[in-house]
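Below is one structure, written out as structure tokens, with a few remarks after it.
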Amino acid sequence: TDQSLIRNFCIIAHIDHGKSTVADRILQLSGIVPEREMRDRFLDRMDIEQERGITIKSQAVRVPWTVDGTEYTLGMIDTPGHVDFTYEVSRALAACEGAVLLVDATQGIEAQTLSNLYMAIDHDLAIIPVLNKIDLPSAEPDKHAEELAGLIGCSPQEVLRVSGKTGEGIRDLLDQIVMDVPAPHGDPEAPARALIFDSVYDSYRGIVTYIRMEDGRLNSRERLHMMGIGMTHEPIEIGVISPDMTPTKALGAGEVGYVITGAKDVSQSKVGDTITSAARPATTALEGYRDPQPMVYSGLFPVDNAQFPELRDALDKLKLNDAALVYEPETSVALGFGFRCGFLGLLHMEIVVERLGREFGLDLISTAPNVTYQVTGEDGTVHHVTNPSEFPDGKIKAIVEPMVAADIITPKEFIGSVMELCQDHRGEMGTLEYLSPSRVEMHYRLPLAEIVFDFFDQLKSRTKGYASLDYHQDGEQRADLVKVDILIQGEKIDAFSAVVHRDKAYAYGVMMTKKLRELIPRQQFEIPLQAAIGAGSSPGRPSVRCARTCWPNATAATSPANASCSRSRRRARSA
Ligand code: GTP
């Protein structure tokens with residue numbers, strides 16, 4: 001492919017503003033998906049994505065587009081919108097020269113519109129502002145074009161107007177992409193360098209590696225060298241995705257495609273690594289990706305402990321396709337062998353557990369998620385605690401918790417409710433800016449632990465669904481946190497321990513003991529349930545007590561399966 005005729009771009013937007021739908025119309029107009037094979041959100045290839053109606057994975061696809069008789073090759077990447085998948089977006093941006101910034105014409109600019117725009121600017125991408133959903137009667141294109149133009153620094157006339165539903169304006173958008181997005185600037189004569197931006201494990205073909213060529217050419221008959229891990233492979237197939245995997249003889253500078261080497265060992269491909277030619281290797285690797293920092297941790301345990309090796313294997317394979325997932329083995333007295341996993345947020349955690357179930361047939365128990373804490377003991381040793389059960393016993397000098405900077409966009413009538421919500425969550429207010437006469441952007445600094453759990457749901461309900469939220473890590477602060485242990489028949493159940501703010505410890509204890517009282521089947525003898533507050537095991541420490549008199553033969557009381565409340569509730573109902 002002639003490098004000057006390549007245009008690589010991604011579609012970025014706030015969640016639900018219509019990226020996948022606009023991508024559908026592009027696929028259709030370009031003619032690469034036959035009418036009878038077209039389905040909604042074509043590029044959301046996973047079942048979970050189709051069922052939930054959200055994009056989880058970025059998808060790259062090549063589409064042809066002709067302007068004035070010249071055929072251009074467009075490399076399009078559809079990206080996810082949810083804040084948990086920002087890392088997916090950042091990797092996609094590194095494979096493009098341009099970004100289509102899509103904004104719902106009925107909603108206007110939202111929190112992830114801004115965060116994605118800033119990321120695209122950081123990557124020096126050409127930005128094409130577009131209003132979508134102009135077919136809706138409630139669309140206010142003039143008003144939002146003004147807003148968007150103000151944000152980007154263009155004139156409102158330059159903001160395109162399209163409908164992903166009817167296809168209106170999509171041709172103009174494609175023409176604009178050809179005009180505004182620069183051709184890739186890699187050196188076609190230099191030794192080959194390709195960036196691995198994603199990969200996936202295919203049970204028949206082994207690892208499929210997605211690459212973006214920077215310089216030179218990679219040939220399907222030539223041995224490949226992975227510069228970071230230092231391995232050499234024979235390629236079995238090289239190709240492009242259009243809309244399915246289509247083999248080609250070679251990939252040249254600027255092209256986006258895939259490589260299959262037949263490797264089945266997951267350690268043989270790493271996202272962010274550079275592929276070069278073994279015969280004529282490049283000397284310096286491309287700049288890879290920074291490993292993302294997990295936001296929340298949770299323990300994952302197979303219901304059937306014999307499945308532990310399968311879980312390890314499944315996590316290794318899933319990690320290929322989800323570079324943000326981290327995990328290390330852990331053991332729990334109550335739950336046996338499992339893994340402590342780090343996630344970018346609760347949605348990410350939910351998706352990982354669901355994918356492990358669907359794609360690998362694993363039935364799992366997850367423990368309550370928590371953030372990480374740095375705990376300094378009396379003797380000055382610092383513990384990095386990702387698991388409440390590792391919280392050091394004995395006296396504690398200081399605890400430090402992670403903080404986030406949050407940006408909340410809301411109609412101005414909800415300013416009061418948002419302030420109240422943030423105060424309840426130990427938030428510290430920063431500045432407040434008006435985006436337009438009716439909408440404001442509020443900045444807060446909050447503890448991560450306060451924001452990852454129910455904050456977003458509460459924000460939505462207090463603002464009738466109108467507010468949007470984006471956040472990123474912002475240092476740490478000292479906090480008055482305590483560990484709460486749950487004891488059943490005097491025995492501490494490690495999987496139920498939690499680290500919470502001192503003011504909320506009592507409420508957590510009451511909530512847990514109450515819940516257990518409902519869940520544990522009746523026995524003929526009394527089962528004491530206790531919650532104990534404070535790290536050490538001092539005899540006089542405060543505790544919440546509650547008892548369950550139950551009948552025999554229901555010994556599930558302390559069985560591992562009860563660690564996940566929703567699961568045991570389901571069981572209780574079916575029993
Ligand atoms: P995520 O990838 O999950 O962030 O969502 P998305 O931005 O890809 O949005 P998606 O394409 O899934 O569209 C969200 C909803 O808006 C769907 O119900 C679409 O049918 C609808 N939608 C998208 N574009 C249009 C449009 O132009 N007009 C109308 N009326 N509805 C649209």
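Order of listing sets the numbers, starting from 1, for every ligand and every atom in it. Keep in mind it's a predicted model, so treat the numbers as computed, not measured.
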Does an N or O anywhere in [X] fall below 3.5 Å from an N or O of ligand 1?
{"X": "K19", "answer": "yes"}
{"X": "T21", "answer": "yes"}
{"X": "L136", "answer": "no"}
{"X": "G18", "answer": "yes"}

Backbone N/O of [Y] and side chain of [X]: donor-acceptor pair under 3.5 Å:
{"X": "N8", "Y": "E255", "answer": "no"}
{"X": "D407", "Y": "H443", "answer": "no"}
{"X": "R426", "Y": "L446", "answer": "no"}
{"X": "D202", "Y": "R205", "answer": "yes"}

Do me a favour and list the nearest non-hydrogen protein atom to [atom] with residue, atom name and distance?
{"atom": "atom 5 (O) of ligand 1", "result": "D16 N, 3.3 Å"}
{"atom": "atom 2 (O) of ligand 1", "result": "T55 OG1, 2.7 Å"}
{"atom": "atom 21 (C) of ligand 1", "result": "K133 NZ, 3.9 Å"}
{"atom": "atom 27 (O) of ligand 1", "result": "G164 N, 2.8 Å"}

For atom [atom1] of [X], decide whether the heavy atoms of other residues, nucleotides or ligands shown that lie under 6.0 angstrom number more than 12.
{"X": "K270", "atom1": "NZ", "answer": "no"}
{"X": "R445", "atom1": "CZ", "answer": "yes"}
{"X": "E146", "atom1": "CD", "answer": "no"}

May I ask you to list the atoms of ligand 1 that are less than 4.0 angstrom from any heavy atom of [X]?
{"X": "N132", "result": "24 (N), 25 (C), 27 (O)"}
{"X": "I54", "result": "3 (O)"}
{"X": "D135", "result": "26 (C), 27 (O), 28 (N), 29 (C), 30 (N)"}

Give the contacting part of [X] toward ligand 1: side chain, backbone, both or neither, where contact means a heavy-atom distance below 4.0 Å.
{"X": "T166", "answer": "neither"}
{"X": "R41", "answer": "side chain"}
{"X": "I15", "answer": "both"}

Within-cutoff protein neighbour (heavy atom, under 4.0 Å) for atom 13 (O) of ligand 1:
yes

Is atom 29 (C) of ligand 1 less than 4.0 angstrom from some protein heavy atom?
yes

Please work out which of the three classes, parallel, tilted or perpendicular, describes the rings of F197 and Y210, given edges at 30° and 60°.
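Aromatic pair Y210/F197 classed tilted.
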
Drop me the distance from E37's CD to L27's CG, to the nearest 0.5 angstrom.
11.5 Å

Does the pair R462 and D424 meet the rule for a salt bridge (Lys or Arg N to Asp or Glu O under 4.0 Å), with working shown?
CA-CA 13 Å; R462 287 188 194 207; D424 281 353; 3.8 Å; yes

